[in-house]
Every structure is written in structure tokens, then in C-alpha cells.
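Position 1 is the first residue of the sequence; numbering continues from there.
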Amino acid sequence: RVRVDKKIAASGEAAGSGVELTPGQQAVVEADKPIAPAVQVDPVKVTAWTARRLYFEDVPLGEAASEFSRYSARTIRFEDPTLEARQITGTFDAADPEALVAFLRRYSDAHIETVDNGWVVRRK
């Protein structure tokens with residue numbers, strides 16, 4: 001078990017809004033907000049980023065593409081909202097957005113154009 005507390009900046013004392021976590025739980029701590037209640041999580045999924053892996057489970061393709069843009073200057077832009085909203089499940093190397101593009105080329109009805117800064121995804 002571990003207890004997460006926020007400190008009052010001026011005094012260094014606990015603010016009294018702490019949360020106790022057990023294995024497999026997570027709490028979100030943000031400035032100027034109370035600590036979010038503890039929730040059960042899959043530790044493999046929520047720590048995948050530490051190994052530069054992106055894990056998606058029923059995530060819209062547009063959201064997955066946005067995650068890749070945090071790790072690469074190359075972007076994946078969708079011109080068709082229905083393709084962008086399509087859900088994906090899978091694990092990818094965060095530094096390899098081309099893996100998602102290859103997946104789309106192989107398993108979807110998308111036309112993908114390579115541009116200077118990444119890819120544009122359109123419906124065929």
C-alpha cells in the first residue's frame with residue numbers, strides 16, 4: 001500500500017486530501033484539484049509508455065494518431081471522420097508511426113498518401 005498526499009506549497013504540510021492505493025490502482029494528481037479517486041488499472045497497459053510502447057484498446061484511430069505525434073515529428077492526418085473514429089486495439093512502438101500506417105494500408109479501406117511531414121488518410 002502507498003498513500004498519495006498533496007502538500008500545501010507554503011507550509012510543506014499535507015493538504016489532507018490523500019488517497020491510499022493498493023497494487024493495481026492509480027490516482028491522478030493535478031495542480032489545484034483534489035486527488036482523483038483510486039481506480040483499478042492494468043499495470044502493463046498504463047506503464048507501456050515507459051518502454052516507448054503505445055497500447056490501444058478500442059481507441060479511435062484519430063486518438064491513436066495523436067498519441068504517435070507525441071513521440072514523432074511525422075503526423076497522421078485523417079480527412080475522413082468515419083475512418084478517424086474507427087476503433088483500434090493493438091500495441092505499437094511509440095517511435096514508429098509508420099507501423100500504424102502499414103496496419104491501415106493492410107487492413108482498412110483507406111487510401112494513404114505520404115506527404116513531407118507524415119501521411120494523409122482518405123477513404124478509397
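Under the 4.5 Å side-chain heavy-atom criterion for Ile, Leu, Val, Met, Phe, Trp and Tyr, Val2 and Val28 are members of distinct hydrophobic clusters. Taken together through direct or relayed side-chain contacts under 4.5 Å among Ile, Leu, Val, Met, Phe, Trp and Tyr, Val120 and Leu104 form parts of separate hydrophobic clusters.
For Asp58, the side-chain hydrogen bond (donor to acceptor under 3.5 Å, both in side chains) partners at least two apart in sequence or on another chain are Thr89. Listed by chain and number, the residues in a side chain to side chain contact (heavy atoms under 4.5 Å, CB included) with Val41 are Gln26, Val39, Val46 (sequence neighbours excluded). Applying the side chain to side chain contact (heavy atoms under 4.5 Å, CB included) test to Thr91 and every residue at least two apart in sequence or in another chain returns Arg53, Tyr55. Residues satisfying the ring pair (Phe, Tyr, Trp, His ring centres under 6.0 Å) criterion with Tyr71, sequence neighbours excluded, are absent altogether. In terms of the side chain to side chain contact (heavy atoms under 4.5 Å, CB included) criterion, residue partners of Ala38 (sequence neighbours excluded) are, by chain and number, Val19, Leu21, Gln25. With sequence neighbours left out, the side chain to side chain contact (heavy atoms under 4.5 Å, CB included) criterion links Glu67 to Leu54, Phe56, Arg70.
Counting only residues at least two apart or in different chains, salt bridge (Lys or Arg N to Asp or Glu O under 4.0 Å) contacts with residues 106-124 comprise Glu79-Arg122, Asp80-Arg123, Arg86-Asp109, Asp109-Arg123, Glu113-Arg122. Pairs passing the salt bridge (Lys or Arg N to Asp or Glu O under 4.0 Å) check and including a residue from residues 18-31, sequence neighbours excluded, read Arg1-Glu20, Glu30-Lys33. Here salt bridge (Lys or Arg N to Asp or Glu O under 4.0 Å) pairs that include residues 90-103, with residues two or more places apart or in two chains, number zero.
Taking Ile, Leu, Val, Met, Phe, Trp and Tyr as hydrophobic and joining them when side-chain heavy atoms fall under 4.5 Å apart, one finds Val44 isolated, its cluster having no other members.
Of the inter-residue distances, the one linking Ile76 atom CD1 with Asn117 atom CG reads 11.0 Å to the nearest 0.5 angstrom. The OG atom of Ser69 sits 13.0 Å away from the CZ atom of Arg77 when rounded to the nearest 0.5 Å. Taken from CD1 in Ile88 to CG in Leu61, the straight-line distance is 5.0 Å, to the nearest 0.5 Å.
Checking side-chain atoms of Ser72 against main-chain N and O of Phe68 turns up no donor-acceptor pair under 3.5 Å.
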